[in-house]
Amino acid sequence: MSAPLSIVIPTLNTADRLGPCLGALAPALTSGLIRELILADGGSEDAIAEIADAVGARLITAEQGRGQQLAAGAEAALGDWLLVLHADCVLPQGWEEMVRRHIETDPGKAAHFALRLDSRHPMARMTEGWANLRSRLFALPYGDQGLLLPQALYHRVGEYPPIPLMEDVALIRRIGRRNLRRLPGRMLTSAERYERDGWLRRGWRNLTTLVLYAAGSDPTRLAERYRR
């Protein structure tokens, strides 16, 4: 039986940040869980091709934009399951057993991890708390929490939309609460943007971006606003 899991990571000039993310995959590479690693690239100008070659990954090129890149990566995937990660995220210790157990016990459901930020700032704990509360109460995890998807469910609900921002929210809303489970581990995620922009400012921007998207704002304009 083929290994079930295709890892899909969108990349855009993130070669210098991929190391910890890729390193966390090592325990599952020889255990029969991971079938392939796909880097869905949006036109990087760094050493991503060399990294893909060094780690045995498939490098897929796509139009720049996380939705477009993830759609292309998922379309190329051969595994029965997708595990979608961000380049600056690190899977928790023991993740492979958590994923394997979910595949065996909930074969038709999607799943995600809780969030942990790589910062000791007091605001990091508050930000984590809000993110984990949001994903629990509203069944609305973001992409930096990882998303484990059976291919059958992914195609049934409509795949990733070709938008530059909120592609994770769009897909999760179509998946729905009854088809979503929370895994016990916590994904370690970069706090760089919070520390660069300010915790309150970045938190407010994230919240208002979500609200504006839910109210029908254009994701392209939201992406421009988000990057300022």
Side-chain angles (χ1 to χ4, degrees), residues 7-27 39-42 44 46-48 51 64-67 69-70 83-95 98-99 111-148 163-172 182-214 219 222-228:
I7 308 289
V8 180
I9 305 175
T11 58
L12 182 63
N13 297 321
T14 52
D16 60 340
R17 287 177 280 168
L18 265 174
C21 180
L22 298 180
L25 301 177
L39 304 181
D41 192 67
S44 294
D46 55 17
I48 192 64
I51 289 176
Q64 186 179 131
R66 208 159 54 201
Q69 291 170 232
L70 286 174
L83 178 55
V84 180
L85 306 174
H86 285 185
D88 58 356
C89 296
V90 181
L91 286 159
Q93 186 174 7
W95 71 269
M98 302 172 200
V99 166
H112 66 92
F113 294 96
L115 180 74
R116 181 164 67 96
L117 291 167
D118 64 350
S119 171
R120 295 185 178 181
H121 195 287
M123 285 297 296
R125 308 290 81 82
M126 295 180 61
T127 304
E128 291 168 4
W130 155 246
N132 292 325
L133 182 65
R134 180 200 66 233
S135 60
R136 186 181 294 276
L137 290 182
F138 303 111
L140 198 61
Y142 284 174
D144 55 7
Q145 294 174 243
L147 187 58
L148 178 65
I163 55 178
L165 191 71
M166 291 289 152
E167 79 295 331
D168 44 4
V169 173
L171 181 61
I172 287 292
R182 179 168 168 172
L183 299 172
R186 297 205 299 168
M187 182 80 77
L188 183 65
T189 300
S190 173
E192 178 184 356
R193 286 184 174 178
Y194 289 96
E195 293 177 335
R196 181 192 66 207
D197 300 340
W199 289 88
L200 292 177
R201 181 183 179 193
R202 173 53 62 179
W204 177 251
R205 181 168 295 180
N206 290 349
L207 178 59
T208 55
T209 299
L210 176 61
V211 170
L212 289 170
Y213 174 74
L222 288 177
E224 294 171 357
R225 172 183 180 272
Y226 186 79
R227 296 188 188 104
R228 291 174 191 162

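Treat the numbers as computed from the prediction; the structure is a model and nothing was measured.
- Considering only heavy atoms from C-beta on, Leu171 stays 4.5 Å or farther from Leu70 through its side chain.
- Met187 approaches Val90 most closely through the heavy-atom pair SD-O, 3.3 Å.
- Sequence neighbours left out, the pairs with a member in residues 127-147 that pass salt bridge (charged side-chain N to carboxylate O under 4.0 Å, His left out) are Arg125-Glu128, Glu128-Arg186.
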Checklist entry - Which is it for Val84 and Asp168 under the side-chain contact (heavy atoms from CB on, under 4.5 Å) test, yes or no, and what are the steps along the way? => result CA-CA 10 Å; Val84 180; Asp168 44 4; over 6 Å; no
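- Across Ala131 and Leu115, no two heavy atoms sit closer than the pair CB-CD2, 3.5 Å.
- Separating the CG atom in Asp197 from the CG atom in Asn206 is a distance of 9.5 Å, to the nearest 0.5 Å.
- Of all the heavy atoms in Glu195 and Ser119, the pair that sits closest is OE2-OG, 2.9 Å.
- Remark: Phe113 CZ to Leu83 CG distance equals 6.5 Å, nearest 0.5 Å.
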Identify all side-chain donor-acceptor contacts of residues 7-16 below 3.5 Å with residues at least two apart in sequence or on another chain.
residue, atom, partner, partner atom, Å
Thr11, OG1, Asp41, OD1, 2.7
Asn13, OD1, Glu45, N, 2.6

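- The line from CZ of Arg182 to CE of Met98 is 12.0 Å long, rounded to the nearest 0.5 Å.
- Rounded to the nearest 0.5 angstrom, Arg116 CZ and Asn132 CG are separated by 11.5 Å.
- Scanning both residues, Asp118 and Ala191, for their nearest heavy atoms gives OD1-N, 2.7 Å.
- Heavy-atom minimum distance, Leu212 versus Leu222: CB-CD2, 3.8 Å.
- Across all their heavy atoms, Gly203 and Tyr194 have their closest contact at N-CE2, 4.0 Å.
- Contact annotation: the side chain of Leu22 approaches that of Ile51 to within less than 4.5 Å [non-hydrogen atoms, C-beta and beyond].
- Atom CG of residue Leu140 and atom CG of residue Leu210 lie 6.0 Å apart, to the nearest 0.5 angstrom.
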Item to check | Trace of the side chain to side chain donor-acceptor pair (under 3.5 Å) decision for Thr208 with Arg225 | outcome: CA-CA 11 Å; Thr208 55; Arg225 172 183 180 272; 2.7 Å; yes
Next on the checklist: Apply side-chain contact (heavy atoms from CB on, under 4.5 Å) to residues Thr189 and His86 and explain how you reach the verdict.
Outcome noted: CA-CA 9 Å; Thr189 300; His86 285 185; over 6 Å; no
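- Taking the side chain as every heavy atom from C-beta outward, Thr127 and His121 never approach each other to under 4.5 Å.
- Under the rule for a ring-ring contact (aromatic ring centres under 6.0 Å, His included), Tyr213 has no partner lying at least two apart in sequence or in another chain.
- A distance of 4.5 Å separates CZ in Arg66 from CD in Glu167, rounded to the nearest 0.5 Å.
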